[in-house]
Asks: 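Before anything else, here's the structure in question.
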Amino acid sequence: MAEFSLTRTTHPTSPAVRQAALADPGFGRHYVDHMVVIDYVEGDGWQDPRILPMSDWSLHPAAAVLHYGQEIFEGLKAYRRDDDSIWLFRPDRNAARFVNSARRLGMAELPEDVFVEAVERIVALERDWVPAGENEQSLYIRPFMIASEALLGVREAKSYRFSVICTPVGPYYSEPVKLWITPNYTRAAIGGTGEAKCGGNYAASLVATEEAYANGCGQVLWTDGAEHKWVEECGTMNVMFVTADGELLTPSLGSILPGVTRDSILKLADAHGLKAVERPISVDEVLDGVESGQITEVFACGTAAVVTPIVGFNSPQRGVAVVGDGQPGPKTEEIRRHLVDIQFGRAEDTFGWTRKVC
Ligand SMILES: *Cc1c(COP(=O)(O)O)cnc(C)c1O
């Protein structure tokens, strides 16, 4: 593949406007001035890697993504440290997962080194858009890929577009939430796309989130598609349980999204006096454990919010159940702090997870 080319915007955001945006970035409210675009054509491969001014795209109305949903994405962040250097957290894991998602959706596979290079280039170019790390602000990076071939017949498309866009994000202190154990919807079935980070999974989840709101909860606890018996994950995050006998329990991989945050927290468990255990966990085990005090803390984890305390459950069968005293637990807060401190370079990175961009 050729070298990346750069076409600079003729209308860069002024420092004053950018500073105002960074003062209160929200999530996805402001976008950086440029984006990465790389196209793929079957037979010719990946071509013309380029950084362009952020702009609308034109797409044939028959583009396969618009009809059959071949779309995958990733999410990671760039962190500004106290010495003003900019770092990524385990971008190699996102690159590898992106390949797996592409494979599952029958899409072209972007080489992992190209993925990481694309992310590093856009972050380095837009480094002024990475907020100061105070209050845990960061630059959220969204790599994604769509099937761009004009195609109404149903088959794997032959042309794709990969892109990376970025948005500064605020301190994402996530409010503690209760989870709705939906009897009506599932996120993933055996043989389905649960392990892939694809837009279709999200499209199918939105109606269940509305159901959760209507039942006084902030998110859905997804259970398995066959029996609604086994816990899978929560909203768009993985779920973890702290037990009275010192385990950090989480559902095994299979039909859940293999989160980078999940994997990192499992590896940090030891440092917090917890034994990481991955195994099937039933809804009854969770609700019984919450009732008896065997489960002392519950939290969800993912890149965007890092860790979200789960303080209760609601379900048609068993009604409302409160975790502990209904407040975020101490291990939840400790683990969250540890992970964020590694990301911002304030705690030792014993696993070699962080990667300097510039
Ligand atoms: C992205 C995602 C996660 C979290 O993955 P991270 O790599 O930790 O950000 C969990 N569940 C779903 C469904 C996701 O899409």
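Nothing fancy with the numbering, it's 1 onward along the sequence. Only this structure's heavy atoms are used, side chains among them; waters, hydrogens and symmetry mates stay out. Just so you know, ligand 1 is whichever comes first in the structure, and atom 1 is the first atom listed for that ligand.
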Asks: For Met237, counting its heavy atoms only, list the atoms of ligand 1 lying under 4.0 Å from any of them.
Replies: 10 (C), 11 (N)
Asks: Just need the protein heavy atom nearest to atom 15 (O) of ligand 1, so name the residue and atom and give the distance.
Replies: Tyr202 OH, 2.4 Å
Asks: Name the option, out of Leu76, Val306, Thr236, that contains the heavy atom nearest to atom 10 (C) of ligand 1.
Replies: Thr236
Asks: Between Glu136 and Lys77, is there a side-chain N and carboxylate O pair less than 4.0 Å apart?
Replies: no
Asks: Is the count of non-hydrogen atoms from other residues, nucleotides or ligands lying under 6.0 Å from Ile190 atom CD1 greater than 12?
Replies: no
Asks: Tell me the protein heavy atom at minimum distance from atom 14 (C) of ligand 1, and give that distance in Å.
Replies: Lys197 NZ, 3.0 Å
Asks: Do the side chains of Asp288 and Arg318 get close enough for a salt bridge, i.e. N-O under 4.0 angstrom?
Replies: yes
Asks: Give the atoms of ligand 1, by number and element, whose distance to some non-hydrogen atom of Arg97 is under 4.0 Å.
Replies: 5 (O), 6 (P), 7 (O)
Asks: For atom 11 (N) of ligand 1, which candidate among Arg187, Arg93, Glu233 provides the closest heavy atom?
Replies: Glu233
Asks: Among protein heavy atoms, which sits nearest to atom 5 (O) of ligand 1, and what does the distance come to when rounded to 0.1 Å?
Replies: Gly259 CA, 3.3 Å
Asks: How about Trp87 and Tyr79: are their ring centres within less than 6.0 Å of each other?
Replies: no
Asks: Can you tell me which residue and heavy atom of the protein come closest to atom 8 (O) of ligand 1, and the distance to 0.1 Å?
Replies: Thr261 OG1, 2.6 Å
Asks: Out of Ile256, Val260, Leu257, whose heavy atom sits nearest atom 7 (O) of ligand 1?
Replies: Val260
Asks: What protein heavy atom sits nearest atom 9 (O) of ligand 1, and how far off is it?
Replies: Thr303 OG1, 2.6 Å
Asks: Taking the six-membered ring for Trp and the single ring otherwise, decide whether the centroids of Phe162 and Tyr40 are under 6.0 Å apart.
Replies: no
Asks: Before accepting this row, confirm whether a basic side-chain N of the pair Glu109/Arg103 lies closer than 4.0 Å to the acidic partner's carboxylate O.
Replies: yes
Asks: Identify whether the distance between the nearest side-chain nitrogen and carboxylate oxygen of Arg346 and Asp82 falls below 4.0 Å.
Replies: no
